[in-house]
Participant: 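To start, I am sharing the structure in question, which I have written as structure tokens.
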Amino acid sequence: KCSDTLIDKGVIVSPCGFTSTALLNSKALGIRCLSLDEVETLPWLFKDFTFKQYNTSYKHFDFTVIPDKDFPHKPRAFDLVNEQGETVSIDDLRKIIGNAIRENKEDQLPPEVGEKKETFRVIVPKLRIIDRESGVERSVKYVNTVVHKETTAVEVPFVMQEYKDPTSENAISQLAVANVDFGFAKGKFVINNKIETDGEIIFIPDTDKPNKRIENDDE
């Protein structure tokens, strides 16, 4: 079944155990053999398991602003203005284009690792282009954007943790924890297997808040 479905790892669980021949054959095929009590805990599932994190950084943007109508003469210098009449800088336009790309980008699983160049056509509502010399203005139809980006992949291992009842040494909860960095947020990705209740998957962000210093003034 593993070969037919292209699955690279398999696990067989038996309530009655396995013969020595079955154990040898399964080991040769890379299939794990477990008893029922072994699969009630997390460690067997996360043995040598890693969390693969992809990070994409946008290195450079090339813009071509397309007006809704041609200018009488191609502007040698121009300004971009929003609907409030405020000048839109190149940095502002880069942020607008970047946000539009992120919001409309289809998920790619997994993303392609390495450097890549992509082309987008982005519509920015109520944006105008003004010729600095003549003062002639046009509405912006769309902005052609060439994005130079780089995607990297980092494997983050899960670390097993277990909390026990100090009075009985019985396990209360088992955790699989991976430290992740999303750029905009850092923290711990936690899979919590509560023994007596259901499990949960949570993200716990790191806090950089300094500890408050308490001072006593003796009078």
Side-chain angles (χ1 to χ4, degrees), residues 1-18 23 26-27 29-59 95 97-116 118 120 147 149-212:
K1 287 183 179 179
C2 290
S3 299
D4 292 341
T5 56
L6 301 180
I7 293 174
D8 61 351
K9 291 184 181 180
V11 176
I12 298 177
V13 181
S14 169
C16 304
F18 299 88
L23 291 173
S26 64
K27 185 176 181 180
L29 294 171
I31 298 174
R32 298 189 65 190
C33 295
L34 300 172
S35 60
L36 284 177
D37 59 336
E38 288 178 304
V39 298
E40 291 178 352
T41 60
L42 276 181
W44 75 269
L45 181 60
F46 290 95
K47 181 181 180 182
D48 301 326
F49 183 74
T50 58
F51 176 86
K52 183 167 285 190
Q53 179 183 336
Y54 294 91
N55 298 309
T56 299
S57 58
Y58 294 91
K59 301 292 186 181
K95 292 177 182 177
I97 298 298
N99 290 334
I101 291 173
R102 292 184 185 94
E103 290 175 1
N104 296 290
K105 184 72 173 173
E106 295 182 0
D107 291 335
Q108 183 182 3
L109 299 175
E112 186 177 342
V113 175
E115 296 185 0
K116 190 177 181 181
E118 291 185 329
F120 300 92
V147 179
K149 68 177 188 177
E150 182 178 7
T151 300
T152 58
V154 179
E155 289 193 348
V156 183
F158 275 94
V159 177
M160 300 304 305
Q161 298 179 5
E162 185 176 65
Y163 293 90
K164 294 184 176 181
D165 182 348
T167 61
S168 64
E169 288 298 314
N170 292 327
I172 300 174
S173 180
Q174 295 172 329
L175 308 178
V177 182
N179 292 309
V180 295
D181 182 357
F182 297 112
F184 58 88
K186 297 180 181 180
K188 293 179 173 58
F189 183 64
V190 181
I191 300 176
N192 184 8
N193 177 39
K194 298 180 180 179
I195 304 302
E196 300 296 332
T197 59
D198 294 333
E200 59 183 352
I201 301 175
I202 56 177
F203 174 71
I204 304 175
D206 289 344
T207 57
D208 296 327
K209 295 180 180 179
N211 294 327
K212 291 183 178 180

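As the structure is a prediction and not an experimental result, all values here were calculated from the model.
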Participant: Check side chain to side chain contact (heavy atoms under 4.5 Å, CB included) between Val180 and all other residues, then give those that pass, not counting sequence neighbours.
Facilitator: Phe51, Gln53, Phe182, Phe189, Phe203
Participant: Go through the structure and list residues passing side chain to side chain contact (heavy atoms under 4.5 Å, CB included) with Lys95, not counting sequence neighbours.
Facilitator: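 Here no residue qualifies.
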Participant: Measure across Val156 and Asn179 and return the closest heavy-atom pair with its distance rounded to 0.1 Å.
Facilitator: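 Reported closest heavy-atom pair: CG1-O, 2.9 Å.
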Participant: Could you state the interatomic distance from CD (Glu150) to OG1 (Thr56), rounded to the nearest 0.5 Å?
Facilitator: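 Reported to 0.5 Å precision, the distance equals 9.5 Å.
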Participant: Give me the atom names and distance for the closest heavy-atom approach of Val13 to Phe18.
Facilitator: C-CZ, 4.3 Å
Participant: Just jot down the salt bridge (Lys or Arg N to Asp or Glu O under 4.0 Å) partners of Glu155, sequence neighbours excluded, or say none.
Facilitator: Lys52
Participant: With a 4.5 Å heavy-atom cut-off, do Phe120 and Val147 have their side chains touching?
Facilitator: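 Contact flag for Phe120/Val147 side chains = yes.
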Participant: Measure the shortest side-chain to side-chain distance between Asp206 and Lys188 over non-hydrogen atoms and say whether it is less than 4.5 angstrom.
Facilitator: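 Yes, their side chains come closer than 4.5 Å.
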Participant: Could you tell me which non-hydrogen atom of Val113 sits nearest to which non-hydrogen atom of Tyr54, and how far apart they are?
Facilitator: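 Here Val113 and Tyr54 meet closest at CG2-CE2, 3.9 Å.
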